[in-house]
Amino acid sequence: MDEFNNRVTLLKEGSESKGPVIYWMSRDQRVHDNYALLYTQKLAQERNRPFGVVFNLVTDFLNASFRQYDFMVKGLEELEKELRVYNIPFFLLTGEPAEELFRFIESRHISILVTDFDPLRVKRKWKKEVGNRIQIPFHEVDAHNIIPCRYVSGKQEYAAHTLRPKIHKHLPEFLTEFPDLKKLKNTEAFSSDPVDWKSVHREINVDEKIGKVDWIKPGEYSAHQTLKEFLEEKFENYAADRNDPVKDAQSDLSPYLHFGQISAQRAALEVKKSGGNPESEIAFLEELIVRRELSDNFCFYNNCYDSINGFPEWAKVSLQHHKNDKREHTYTLGQFEKAETHEDLWNAAQKELNATGKMHGYMRMYWAKKILEWTKTPGEALSTAIYLNDKYELDGRDPNGYTGCAWSIGGVHDRPWAEREIFGKIRYMNRNGAKRKFDIASYIQKHDG
DNA sequence: ATCGGCTCGCGCAA
DNA sequence: TGCGCGAAGCCGAT
């Protein structure tokens, strides 16, 4: 029994050689507070072997845009430097994961492979393909969730209220300080050459039209700075203002959390240490822990997390029942993307997304609900919302995004509401609700002025 | 400003 | 088997 208990899953048994232990980093792109890296170090030290980190860059990952690659790759550049401080070798591979990992493991005589947990299909497929080709033991560590996804629940949870008690039950055991990453002695036996980042940038094959943004700096260091500033400057009013898209009240941590440049557990620990406004603490930890980890639960246990087949039965039946309802407005993907609807509030949200790579949380719900209202079918609505989310959001392709779209359009984790046109029993949202909550005119002015 | 009804099903108490 | 209650709401009544 140690701190890795229940965080580690043996994906594949195998026979160890005598070579180095390697952490195939994927979702958790950080040096500090990373249980996958700490576990790799532990395995290596117990066996008195060297260890290192490998990252495989897929150059056209699910249509990622330049904005997202730039954020990730700059984070990796910083990661390489920070690993060097600890004398931990870092290797960057590019190409098909199964092929690249297999070749790397063979040529370097790797003895054990460790990776991090990710509920998304494409990551699970890569792991399966890698596992099929290697003969060494293959471990997976949930370094992303505070309570490991596989451990907190063995099934798809119905709603936040069914997962919440399970999380809270385990928090005293899991929400604890991290063990230290130990600095290694410099060793010639297992070392890496510096990565040629210029050539990496040339290899990336992405949509350059979605440019980088300058309001947020990528990397682990900036992630910690952002957390610090949030606690110092915004935390007091977080509970009161977080749902007001005109106020700058949110933590802005989601891009960092998505790429694993900061650990949610670190954020939770710092919030508790700071002892700020108790209402803000409750509200923030609810979003940071319960809702985030509910998203991982949904994507891990529901293979249809990005299709209408993943919706609950009552929602599927109800949407089906209303599929022929007359739509007053319908728009094509291109019209949505260019923010060319009849409604200035919706257009402002899309423009916020296009320009900044981050739409406010309240507006993400409103935005997706209107896409349902203004497309021909719920299936088209869902794929439109996911396409735009994944293309423009800095935290695109995150379980949070898929789950948010499924909540808005498909009633996932929600309850049925009074039946109405198009929506059926799916919770409705409209401009009046937004008007009650915040100053619509200033939001529109801010993003569409 | 605030309240109840809307509507389904999970999970716990009994 | 019954019952309370739920990820961010809407609407009409008071």
Side-chain angles (χ1 to χ4, degrees), chain A residues 145 152-169 237-247 249-251 254 257 264 279-299 301-302 305 310-322 343 345-346 349 358-373 382 385 389 395 398-438 440 443:
Chain A
N145 293 293
V152 70
S153 173
K155 60 169 189 179
Q156 184 190 331
E157 291 295 330
Y158 188 73
H161 70 95
T162 62
L163 182 63
R164 191 177 294 113
K166 298 180 184 181
I167 285 179
H168 283 283
K169 186 173 85 180
N237 295 323
Y238 179 77
D241 294 344
R242 75 202 155 98
N243 279 332
D244 186 336
V246 179
K247 294 191 172 127
Q250 295 195 313
S251 71
S254 65
L257 288 165
E279 279 182 42
S280 289
E281 183 175 316
I282 291 166
F284 183 71
L285 294 183
E286 170 73 12
E287 293 200 10
L288 180 77
I289 306 175
V290 176
R291 292 188 204 166
R292 269 188 56 262
E293 305 201 352
L294 182 62
S295 300
D296 262 35
N297 171 275
F298 176 63
C299 294
Y301 290 111
N302 192 326
Y305 56 77
F311 296 173
E313 207 51 37
W314 64 264
K316 277 190 230 174
V317 170
S318 187
L319 286 170
Q320 175 70 14
H321 196 246
H322 288 270
E343 211 227 352
L345 179 60
W346 192 95
K358 186 167 180 291
M359 192 192 298
H360 188 278
Y362 178 85
M363 293 309 297
R364 286 194 196 198
M365 294 185 281
Y366 179 84
W367 171 87
K369 296 272 183 199
K370 292 295 138 185
I371 294 176
L372 171 61
E373 193 172 336
L382 185 68
N389 183 78
D395 63 354
D398 191 277
N400 279 323
Y402 299 118
T403 308
C405 292
W407 178 86
S408 297
I409 295 167
V412 167
H413 300 148
D414 204 7
R415 57 190 252 206
W417 297 87
E419 193 162 3
R420 62 165 61 228
E421 295 286 283
I422 304 171
F423 283 77
K425 291 169 183 173
I426 302 294
R427 182 195 298 257
Y428 181 64
M429 284 175 80
N430 67 5
R431 197 184 169 101
N432 288 337
K435 208 189 309 187
R436 277 197 296 275
K437 285 183 179 59
F438 63 93
I440 288 184
Y443 179 76

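When reading the values below, keep in mind they use all heavy atoms of this one structure, side chains included, and skip hydrogens, waters and symmetry mates. Per chain, numbering begins at 1; letters A, B, ... match sequence-line order.
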The criterion is side-chain hydrogen bond (donor to acceptor under 3.5 Å, both in side chains); which residues satisfy it with [X], sequence neighbours excluded?
{"X": "A/His322", "answer": "A/Asp325, A/Glu419"}
{"X": "A/Glu286", "answer": "A/Arg164"}
{"X": "A/Lys316", "answer": "none"}

Side-chain contact test, heavy atoms from C-beta onward, threshold under 4.5 Å: evaluate it for [X] versus [Y] and give yes or no.
{"X": "A/Asp244", "Y": "A/His360", "value": "no"}
{"X": "A/Ser280", "Y": "A/Asn237", "value": "no"}
{"X": "A/Lys369", "Y": "A/Arg427", "value": "yes"}

### Query
Parallel, tilted or perpendicular for A/Tyr443 and A/Phe438, by the 30°/60° rule?
perpendicular

Distance between [atom1] atoms of [N] and [M] (Å, rounded):
{"N": "C/dC10", "M": "B/dG9", "atom1": "P", "result": "23 Å"}
{"N": "B/dC3", "M": "C/dC5", "atom1": "P", "result": "16 Å"}
{"N": "C/dG4", "M": "B/dG4", "atom1": "P", "result": "15 Å"}
{"N": "B/dC12", "M": "C/dA7", "atom1": "P", "result": "15 Å"}
{"N": "C/dG12", "M": "B/dT7", "atom1": "P", "result": "15 Å"}

### Query
Quick one: CG on A/Asn389 to CG on A/Asp395, what's the gap to the nearest 0.5 Å?
6.5 Å

### Summary
Given protein heavy atoms under 4.0 Å, the one-letter contact record of nucleotides 2-14 of chain C, with B base, S sugar-phosphate only and - none, is simply ----BBBBSS---

Check the interface with nucleotides 12-14 of chain B: list each N/O to N/O pair with the protein under 3.5 Å, or write none.
none

### Query
A/Lys369 near the nucleic acid: base, sugar-phosphate alone, or nothing, with a heavy-atom cut-off under 4.0 Å?
nothing

### Task
Take A/Arg431 and A/Trp346, measure what side-chain contact (heavy atoms from CB on, under 4.5 Å) needs, and give me the verdict at the end.
CA-CA 9 Å; A/Arg431 197 184 169 101; A/Trp346 192 95; over 6 Å; no

### Contact under 4.0 Å: A/Lys425 side-chain N or O vs B/dC6 OP1/OP2
no

### Task
Mark yes when over 12 heavy atoms from residues, nucleotides or ligands other than A/Glu279 sit less than 6.0 Å from its CD; otherwise mark no.
no

### Message
Is there a side-chain contact (heavy atoms from CB on, under 4.5 Å) between A/Val152 and A/Lys169? Walk through the geometry before answering.
### Response
CA-CA 9 Å; A/Val152 70; A/Lys169 186 173 85 180; over 6 Å; no

### Task
Would you please enumerate the stems DNA chain C participates in, each stem being three or more consecutive Watson-Crick or G-U wobble pairs with both distances under 3.5 Å?
B:1-6 with C:9-14, B:8-13 with C:1-6

